[in-house]
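Note: hydrogens, waters and symmetry copies are ignored here, and every other heavy atom, side chains too, is used.
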Amino acid sequence: VIKCDKMLDMVVQKICCLENRADIFVEPYMKNYKELSTCQLDLMLQITRRNPVSLLKIIRKNLICETGELDNPSRYLLKNLDLSKCIRDDEPFFEELFDMLGNMTSLCQWNIVIMMMSQCFNLY
């Protein structure tokens, strides 16, 4: 198990060093992210730590293509993303996603919006 963990750490480090990791690895890997385990999602969070907006774009694309409802993996990602970095890196995109989530009516979606708002207010 220890050798496997070290190997995985090494692979993650190599992927993190790639300039275009979102294009060549993250997007293809996340194509069916609803089927990924939380452990696999955690790896994606780790790999996109420097550019978490790439995961937000995948979530947004899913919201547009699907029913407009947040699934469990999307909620998990939103709860664990560095949203303060997302807003610093791409404030217009973050606001667009925030508005999309705000227009959803289910209570579960509003809990995510409230969580996002609290992180934003902690920024300022």
Side-chain angles (χ1 to χ4, degrees):
V1 174
I2 293 175
K3 285 183 181 181
C4 185
D5 288 343
K6 286 182 181 182
M7 180 65 97
L8 183 59
D9 287 342
M10 188 175 73
V11 170
V12 168
Q13 287 176 1
K14 292 292 183 188
I15 292 170
C16 288
C17 292
L18 297 172
E19 187 67 33
N20 55 349
R21 66 188 159 276
D23 295 332
I24 63 172
F25 183 77
V26 176
E27 287 181 28
Y29 190 83
M30 294 289 289
K31 192 163 270 201
N32 295 315
Y33 74 94
K34 293 181 209 177
E35 299 169 12
L36 299 179
S37 69
T38 54
C39 183
Q40 291 167 309
L41 293 173
D42 286 338
L43 282 174
M44 291 296 99
L45 289 164
Q46 184 179 351
I47 289 169
T48 60
R49 186 174 298 144
R50 284 192 230 147
N51 183 17
V53 174
S54 60
L55 288 179
L56 282 182
K57 289 181 179 181
I58 292 168
I59 292 169
R60 180 184 173 272
K61 183 178 178 182
N62 184 56
L63 285 172
I64 291 171
C65 295
E66 299 289 325
T67 63
E69 295 290 316
L70 277 176
D71 50 47
N72 287 334
S74 296
R75 281 190 217 108
Y76 182 83
L77 289 169
L78 285 172
K79 288 177 183 175
N80 291 287
L81 272 169
D82 183 353
L83 296 175
S84 60
K85 178 151 180 46
C86 292
I87 197 169
R88 283 191 309 268
D89 290 352
D90 194 344
E91 187 171 347
F93 178 80
F94 183 83
E95 289 175 0
E96 181 183 328
L97 178 65
F98 191 80
D99 288 342
M100 282 180 73
L101 292 171
N103 289 328
M104 295 179 174
T105 56
S106 77
L107 181 60
C108 189
Q109 270 42 296
W110 273 103
N111 288 336
I112 295 294
V113 172
I114 291 168
M115 181 268 310
M116 290 172 72
M117 285 177 63
S118 68
Q119 284 194 23
C120 292
F121 287 123
N122 286 337
L123 276 178
Y124 302 104

Exercise for review: Could you tell me the separation between the NZ atom of K31 and the NZ atom of K61, rounded to the nearest 0.5 Å?
Suggested key: 6.5 Å

**Study point:** Value rounded to 0.5 Å, distance of SG in C39 from CE in M44
**Key:** 10.5 Å

Check your understanding: Between T48 and N51, does any side-chain donor sit less than 3.5 Å from a side-chain acceptor?
Key -> no

Practice item. Using a 4.5 Å cut-off on heavy atoms from C-beta on, say whether the side chain of C86 contacts that of L55. Key: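 No - every pair of side-chain heavy atoms lies 4.5 Å or more apart.
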
**Study point:** Non-hydrogen side-chain atoms of L41 and M30 separated by less than 4.5 Å
**Key:**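 Sidechains of M30 and L41: in contact.
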
Study note, to complete from the structure: Test side-chain contact (heavy atoms from CB on, under 4.5 Å), reference L56, set L77, L81, D90, D89, output is L81

Check your understanding: Can you list the residues that meet the side chain to side chain contact (heavy atoms under 4.5 Å, CB included) rule with D42, with sequence neighbours excluded?
Key ->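 Residues passing side chain to side chain contact (heavy atoms under 4.5 Å, CB included) with D42: L45, Y76.
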
Practice item. Answer yes or no: is there a donor N or O on one side and an acceptor on the other, between the side chain of D82 and the main chain of K85, under 3.5 Å? Key: yes

Point to revise | Candidate pair Y33 and N62, rule side chain to side chain contact (heavy atoms under 4.5 Å, CB included), full reasoning | key: CA-CA 10 Å; Y33 74 94; N62 184 56; 3.2 Å; yes

**Study point:** Partners meeting side-chain hydrogen bond (donor to acceptor under 3.5 Å, both in side chains) with Q40 (sequence neighbours left out)
**Key:** Y29, S37

